[in-house]
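Before any comments, here is the structure.
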Protein chains: 2
Amino acid sequence: MARPTIADIATRAGVSKGAVSFALNGRPGVSDATRERILKIAEQMSWRPHSAARALGASRVDSVGMVIARPARTLGVEPFFAHLLSGVQSGLSAESISLQLLIVEDTAAEIEVYRRWASEHRVDGVILVDLTVKDPRVDELKALELPAVVIGGRGGKGALASVWADDRDAMLSIVEYLAALGHRRIAHVAGTPNFQHTQRRIRALRDAAPRLGLVDAPSLTTDFSDAEGAAITRKLLSQSDRPTAIVYDSDVMAVAGLGVAMEMGVSVPGDLSIVAFDDSILTQLMHPALTALSRDTFDFGRQAAEVLLETIADPATVVNRRTPDPVLTVRESTAPPR
Amino acid sequence: MARPTIADIATRAGVSKGAVSFALNGRPGVSDATRERILKIAEQMSWRPHSAARALGASRVDSVGMVIARPARTLGVEPFFAHLLSGVQSGLSAESISLQLLIVEDTAAEIEVYRRWASEHRVDGVILVDLTVKDPRVDELKALELPAVVIGGRGGKGALASVWADDRDAMLSIVEYLAALGHRRIAHVAGTPNFQHTQRRIRALRDAAPRLGLVDAPSLTTDFSDAEGAAITRKLLSQSDRPTAIVYDSDVMAVAGLGVAMEMGVSVPGDLSIVAFDDSILTQLMHPALTALSRDTFDFGRQAAEVLLETIADPATVVNRRTPDPVLTVRESTAPPR
DNA sequence: TGGAATTGATAAACCGGTATAGCTCCCGAA
DNA sequence: TTCGGGAGCTATACCGGTTTATCAATTCCA
């Protein structure tokens with residue numbers, strides 16, 4: 001038999017389709033003996049549920065979606081998404097729920113995808129990344145009544161469930177470390193200004209500056225590209241009172257910055273300390289290897305998956321789960337200023 | 001109305017469900033006038049097909065799968081997959097078919113996924129990457145009768161459809177360039193020996209060596225990791241008659257190799273020329289920037305999607321499509337030997 | 001002009017599950 | 001002894017589409 005259905009199992013077990021359904025889904029309605037027998041037969045016939053049939057009957061598709069709205073060009077460089085994806089999948093696989101991944105160009109396209117997914121019943125819920133200030137996706141998803149979890153930012157006024165890390169504490173751990181080394185001129189090459197986490201990091205630095213006695217602590221926003229990271233670094237290092245330490249919001253920009261420093265004859269870590277806000281193999285491949293903030297991205301994804309499943313099961317309660325703080329991995333690119 | 005069904009449309013148009021189905025799918029059975037009217041009503045009610053219902057009735061799910069069997073750790077570094085994915089999606093989006101992505105640890109797990117997908121009817125076909133010699137997945141997929149397309153290697157004895165690049169020509173373009181510069185000692189830091197493309201590259205180099213008058217042209221296999229890339233480079237550069245040029249099978253290994261050279265005081269490109277077999281932002285971030293072989297990975301993915309859709313539509317004919325040859329992007333890491 | 005073929009539509013079966021109303025036992029309490 | 005009630009199971013409707021058998025009305029052609 002090509003592909004057994006529950007009807008086949010029912011015939012073989014001498015019971016009704018309904019009884020088989022009850023047995024296979026572990027719900028009351030059949031005796032333990034019958035259940036046992038049915039399960040054994042299903043196993044023998046190597047039965048597997050037909051996802052579409054189940055989706056149609058139970059109005060859930062056992063599938064969640066994730067849309068990444070970034071040009072593909074800037075994507076693959078960062079291990080961040082690969083780790084995140086793996087984590088999400090590991091969180092989903094326990095319930096054998098599948099993941100639909102889509103890479104699109106911008107937020108408008110992303111919202112279009114959500115609309116389509118909702119109307120075609122293709123996913124039970126979605127995972128959001130790269131939350132911006134006043135993010136239009138939040139309202140859209142609420143309107144579509146599509147369960148969602150936000151990664152890396154709070155859902156905003158209790159709107160969506162979220163899994164978030166404390167960017168503020170993370171930034172503090174970096175600058176406190178640099179200040180302890182003796183740095184007083186610290187610059188911050190930040191990411192896109194409309195990202196929530198960019199804002200939080202900028203604010204954290206600004207707030208901490210007086211307490212740590214920082215002379216100057218500018219945050220300069222970029223588009224996260226290596227080109228802008230390099231350009232800003234060049235500008236910073238050309239100043240008369242140049243910073244003795246630079247914090248980069250991504251590993252790619254940090255690497256680009258390191259390149260600029262070397263080009264300009266600024267020795268790292270002698271004349272300049274460099275810290276990356278994200279860790280990856282990139283930071284380790286460099287000479288000197290870069291001090292970086294490492295977080296457990298895999299676990300991040302796993303938790304997001306868990307929270308999403310909870311949200312799907314019970315859309316009423318909104319979970320906001322905080323993940324462990326990232327830790328600073330000190331390597332060769334940081335030292336006391338000369 | 002929350003979500004219109006074709007029954008709703010049928011009522012409103014004063015026709016039967018069947019007529020609506022015919023009209024919406026552009027098949028004969030309704031007059032042009034009626035079709036027009038039905039389409040307009042569907043549009044007005046913003047109807048979208050319920051994917052599960054359609055899947056159940058038409059026994060196709062409008063979804064294809066792709067499994068990547070690599071530890072997540074080694075994944076995100078290479079933009080390769082991000083570009084490939086984007087390309088695949090762009091090829092699929094024309095037919096609004098969705099993509100299921102799964103990252104697993106090894107081939108055994110990958111095959112398990114195929115079995116599950118097949119039995120649960122979750123995908124109409126799959127895209128295979130990283131083909132090995134005597135790849136067990138090929139036979140498995142044929143047994144499951146799951147349409148598939150192989151990326152970057154021929155399906156083997158006309159088994160599976162494929163989209164492939166000519167690794168042989170690619171390797172030749174690199175070594176001929178190096179030979180023209182005057183290099184006679186060229187080493188090749190290859191990838192995993194069981195990958196088909198690794199084998200093809202090794203063979204291409206070996207075959208070309210006599211013709212180009214190469215004194216020595218060893219190929220050394222690795223696990224694609226930066227660690228092994230660095231270790232092998234160290235070994236090569238410690239030899240008394242060390243190579244004047246090294247070709248790396250991946251950009252990550254090339255970067256690691258560059259680091260080793262700098263560490264050992266071997267100047268690049270003065271004492272050593274370096275070529276990477278894959279291009280990415282990584283190679284451009286380095287100092288010196290690395291000469292690398294660039295291919296249009298996005299287009300690669302797009303073509304794979306197209307071929308897969310053809311294969312799903314007509315499983316009988318096996319397409320083997322060759323993609324344009326990659327081109328060598330010369331940067332600062334190559335020069336004539338001293 | 002009459003029978004065959006074609007067109008345009010309908011009703012109903014079907015895909016493979018889930019959910020529910022209802023039926024039959026059997027047990028315990030009144 | 002009877003009746004209420006729960007356990008165990010069956011029959012059937014249902015989810016939202018697709019597909020097929022059927023049929024009436026029209027067109028075609030000899």
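Residue numbering restarts at 1 for every chain, and letters A, B, ... go by the order of the sequence lines.
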Could you work out which one of [options] sits closest to the side chain of [X]?
X      : options                   : answer
F22(B) : dG17(D), dG17(C), dT20(D) : dT20(D)
T5(A)  : dC15(C), dG8(C), dG17(C)  : dG17(C)
V30(B) : dA9(C), dC9(D), dG16(C)   : dA9(C)

Do any side-chain nitrogens or oxygens of [X] fall under 4.0 Å of OP1 or OP2 in [N]?
X      : N       : value
W47(A) : dG17(C) : yes
R27(A) : dA19(C) : yes
S21(A) : dT18(C) : yes
T34(B) : dA9(C)  : yes
R54(B) : dG16(D) : no
S31(B) : dA9(C)  : yes

Atom [atom1] of [X] to atom [atom2] of [N]: distance rounded to whole Å?
X      : N       : atom1 : atom2 : value
D62(A) : dG16(C) : CG    : C1'   : 15 Å
I38(A) : dG17(C) : CD1   : C1'   : 15 Å
E36(A) : dG8(D)  : CD    : P     : 14 Å
H50(B) : dG17(C) : NE2   : P     : 16 Å
L56(A) : dC15(C) : CG    : C1'   : 9 Å
L24(A) : dA19(C) : CG    : P     : 13 Å
I9(B)  : dG17(D) : CD1   : P     : 8 Å
D32(A) : dG8(D)  : CG    : P     : 8 Å

Touch class at under 4.0 angstrom, heavy-atom based, for R48(A) against every strand present: sugar-phosphate
Sugar-phosphate, base or nothing in reach of V15(A), heavy atoms under 4.0 Å: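 Sugar-phosphate, backbone atoms only, no base.
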hbond_proxy K17(A) side chain to dG16(C) base (donor-acceptor, 3.5 Å cutoff):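 No.
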T11(A) and D8(A): side chain donor to acceptor below 3.5 Å: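 Not at all, the side chains of T11(A) and D8(A) share no donor-acceptor pair under 3.5 Å.
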Residue whose nearest DNA chain C nucleotide is more 5′ - S16(B) or A53(B): S16(B)
Residues E112(A), R115(A): salt bridge by 4.0 Å N-O rule: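 Looking at E112(A) and R115(A), the cut-off is met.
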CA sep, side-chain torsions, deciding dist, call: R302(B), E306(B), salt bridge (Lys or Arg N to Asp or Glu O under 4.0 Å): CA-CA 6 Å; R302(B) 208 176 43 70; E306(B) 280 178 19; 2.8 Å; yes
Closest heavy-atom pair and its distance - V67(B), V129(B): O-CG2, 4.1 Å
Passing option when V307(B) is tested against I127(B), I151(B), N320(B), V319(B) for side-chain contact (heavy atoms from CB on, under 4.5 Å):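 The residue from I127(B), I151(B), N320(B), V319(B) that satisfies side-chain contact (heavy atoms from CB on, under 4.5 Å) with V307(B) turns out to be V319(B).
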Enclosure of E36(B) CD (heavy-atom neighbours >12, cutoff 6.0 Å): no
